[in-house]
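Note that the coordinates shown come from a computational prediction; the quantities given were computed from them, not determined experimentally. Only heavy atoms go into these numbers, but all of them, side chains included; no hydrogens, no water, no symmetry mates.
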Amino acid sequence: MDRTSQRLLKEDRVHGDVMFPLAAYWIELPAGTPVLDTHWHEEAEFFLLLEGEIMFQVDTDYFPLRPGEAVFIESGDIHAAYALKDSPCRFCALVFHPDLLASAQYDTIQQTVILPLLEKRQSFPRHISPDIPWQLELLRHLERMMEAYDNKMPGFEAFMKGTLLIMLSQIAIEGRSVNRSQSESADTTKINRLKKVILYIQDNYQEPIRTRDLSELIPMSEGQFCRFFKAMTRKTPVDYINSYRIRQAADLLQQTERKISDIALEVGFDNVSYFIKVFRKAMKCSPSEFRKGQGQVSAQGQLYP
């Protein structure tokens with residue numbers, strides 16, 4: 001695999017650090033706020049819905065998610081979430097690199113549960129429901145890990161890693177794990193095409209991006225590309241680009257004291273009034289209100305992925 005292909009699987013945000021590649025997030029979103037834009041990362045992720053109703057996407061699969069249910073997202077999986085009702089949404093996410101679970105030397109644990117997870121031969125169910133007793137146990141483990149991460153008591157890192165290993169032991173029982181090592185070639189082609197386009201947007205969002213430029217990457221006709229992109233992301237290319245630019249702007253507004261007009265230009269908007277209009281629609285507040293902290297809750301949801 002060349003370097004460009006490897007980069008297609010990467011997200012810029014770092015979850016945890018080299019010594020402990022795991023992070024947890026608690027997100028509260030007001031009604032009408034987008035839940036998760038289409039994205040992916042090298043880390044695996046458990047997404048647990050606490051309030052609201054959403055439609056979750058993993059690669060080309062869509063399924064509704066109710067409070068108390070969770071999703072497991074493999075390393076490299078494209079994923080997104082969309083609100084089904086105009087109501088608040090609350091969720092938590094545990095994001096970890098599979099390397100966290102690796103043994104210091106190749107042993108039985110590495111052979112029987114870690115390697116099968118890495119190779120997607122023996123993985124968690126994608127949709128985890130409390131209606132199935134053994135899956136309810138997985139959900140309880142997730143809740144305990146989120147609590148341990150929040151409290152950060154001495155030794156919590158060992159608790160997090162140990163609990164993940166216990167969860168892997170529970171899916172090792174026959175009939176519980178899922179084999180995703182072989183996927184449909186047509187779906188793989190669609191996913192790789194989408195990743196190529198999103199990578200281009202991430203690398204060039206500060207510059208003008210034309211739909212024609214994106215369609216030529218695949219390649220497709222411009223009309224065919226727009227239909228393909230919306231079918232995969234539920235957004236037009238322009239809406240997706242604007243959403244990505246707004247997330248970058250939100251980061252800059254929180255981390256710097258630079259002028260709003262300068263930030264707008266840096267993230268690719270050549271019209272400040274249009275930037276403010278798009279920002280308000282996405283974040284439910286103006287850029288200046290967001291900087292003052294009035295948009296803190298929606299900011300967390302936007303910045304998490």
Side-chain angles (χ1 to χ4, degrees), residues 6-7 9-28 35-37 39-50 56 58 65 68-81 90-107 109-110 112-128 135 137-172 177-178 180 247 251 299-305:
Q6 289 174 345
R7 289 180 64 206
L9 302 178
K10 293 187 178 179
E11 177 194 60
D12 292 336
R13 186 166 298 277
V14 175
H15 302 280
D17 55 41
V18 175
M19 292 293 288
F20 190 62
L22 179 151
Y25 304 88
W26 290 261
I27 312 297
E28 295 184 24
V35 183
L36 283 182
D37 277 345
H39 69 289
W40 71 94
H41 37 69
E42 276 194 352
E43 296 89 349
E45 175 179 351
F46 285 104
F47 178 106
L48 175 62
L49 185 63
L50 304 174
F56 211 94
V58 182
L65 201 67
E69 297 179 338
V71 180
F72 178 69
I73 300 146
E74 303 268 11
S75 169
D77 280 354
I78 284 180
H79 53 287
R90 195 161 53 88
F91 63 89
C92 55
L94 187 72
V95 187
F96 66 96
H97 199 290
D99 286 351
L100 171 70
L101 303 174
S103 305
Q105 61 186 27
Y106 193 81
D107 57 12
I109 298 171
Q110 191 79 13
T112 59
V113 293
I114 306 300
L115 192 58
L117 178 70
L118 295 175
E119 295 179 348
K120 302 185 180 183
R121 292 185 285 107
Q122 186 173 292
S123 188
F124 292 96
R126 184 160 279 169
H127 187 179
I128 303 172
Q135 292 187 16
E137 277 301 305
L138 296 180
L139 292 167
R140 287 174 174 164
H141 284 310
L142 284 177
E143 291 167 358
R144 286 190 281 267
M145 280 193 289
M146 296 302 293
E147 182 180 356
Y149 187 94
D150 191 30
N151 293 331
K152 289 189 171 62
M153 298 294 287
F156 85 95
E157 297 93 343
F159 178 82
M160 305 293 281
K161 180 172 180 176
T163 304
L164 285 171
L165 289 171
I166 289 172
M167 292 171 70
L168 282 173
S169 75
Q170 291 177 324
I171 65 166
S177 65
V178 180
R180 297 195 190 92
R247 289 206 306 275
D251 253 336
Q300 292 172 347
Q302 293 292 325
L303 302 181
Y304 142 70

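- The shortest distance between side-chain heavy atoms of Val95 and His41 falls below 4.5 Å.
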- Query: Would Met160 and Leu164 count as a side chain to side chain contact (heavy atoms under 4.5 Å, CB included) if you check the C-alpha gap in whole Å, the side-chain angles of each, and the deciding distance to 0.1 Å?
  - Reply: CA-CA 6 Å; Met160 305 293 281; Leu164 285 171; 5.6 Å; no
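- None of Phe124, Tyr25, Phe72, Phe91 except one satisfies the ring-ring contact (aromatic ring centres under 6.0 Å, His included) rule with Phe47; the exception is Phe91.
- Here the CZ-CG distance, from Phe56 to Leu36, works out to 6.0 Å after rounding to the nearest 0.5 Å.
- When side chains are defined from C-beta on, Leu115 counts as touching Glu119, because their heavy atoms get closer than 4.5 Å.
- When side chains are defined from C-beta on, Gln110 does not count as touching Leu101, because their heavy atoms never get closer than 4.5 Å.
- Shortest non-hydrogen contact noted between Ala44 and Pro98 is N-CD, 4.2 Å.
- Atoms CD1 and CG, from Ile166 and Leu138 in turn, are 11.5 Å apart once rounded to the nearest 0.5 Å.
- Scanning for side-chain hydrogen bond (donor to acceptor under 3.5 Å, both in side chains) contacts around Ser123 gives Glu74, Arg180, with sequence neighbours left out.
- Residue Ile109 qualifies as open at atom CD1: its count of foreign heavy atoms under 6.0 Å is 12 or below.
- A 4.5 Å side-chain heavy-atom check between Gln122 and Leu117 finds every atom pair outside the cut-off.
- In this structure, the side chains of Ile128 and Phe46 come closer than 4.5 Å at one or more pairs of heavy atoms.
- Every residue was checked against the ring pair (Phe, Tyr, Trp, His ring centres under 6.0 Å) condition with His141, not counting sequence neighbours, and none meets it.
- Residues Leu22 and Glu43 have side chains not in contact (no heavy-atom distance under 4.5 Å, counting atoms from C-beta outward).
- Rounded to the nearest 0.5 angstrom, Asp77 CG and Ser75 OG are separated by 8.0 Å.
- Here the closest non-hydrogen pair linking Leu139 and Gly68 is CD1-O, 3.3 Å.
- Taking each heavy atom of Trp40 and Gly76 in turn, the nearest pair found is CB-O, 4.0 Å.
- Evaluation of the ring pair (Phe, Tyr, Trp, His ring centres under 6.0 Å) rule for Phe96 yields no partner, not counting sequence neighbours.
- A salt bridge links Arg140 and Glu137; the closest N-O separation between the charged side-chain nitrogens and carboxylate oxygens is under 4.0 Å.
- With rounding to the nearest 0.5 Å, the separation of CD in Glu69 from CG in Leu50 is 12.0 Å.
- Note that SG of Cys92 is 9.5 Å distant from CD1 of Ile27, once rounded to the nearest 0.5 Å.
- Cation-pi contact between Lys152 and Tyr149: present, with separation from the ring centre below 6.0 Å and deviation from the ring axis of at most 45°.
- Counting only heavy atoms from C-beta outward, the side chains of His39 and Ile78 never approach each other to under 4.5 Å.
- The distance from the NE2 atom of His79 to the CG atom of Asp37 is 11.0 Å, given to the nearest 0.5 Å.
- Residues Leu48 and Glu143 are in side-chain contact: their nearest non-hydrogen atoms beyond the backbone lie under 4.5 Å apart.
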- Residue pair Met145, Phe156: steps toward the side chain to side chain contact (heavy atoms under 4.5 Å, CB included) verdict: CA-CA 9 Å; Met145 280 193 289; Phe156 85 95; over 6 Å; no
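- Residues Ala24 and Leu94 come closest through the heavy atom pair CB-CD1, 4.0 Å.
- Nearest heavy-atom pair across Ala70 and Leu142 is CB-CD1, 4.1 Å.
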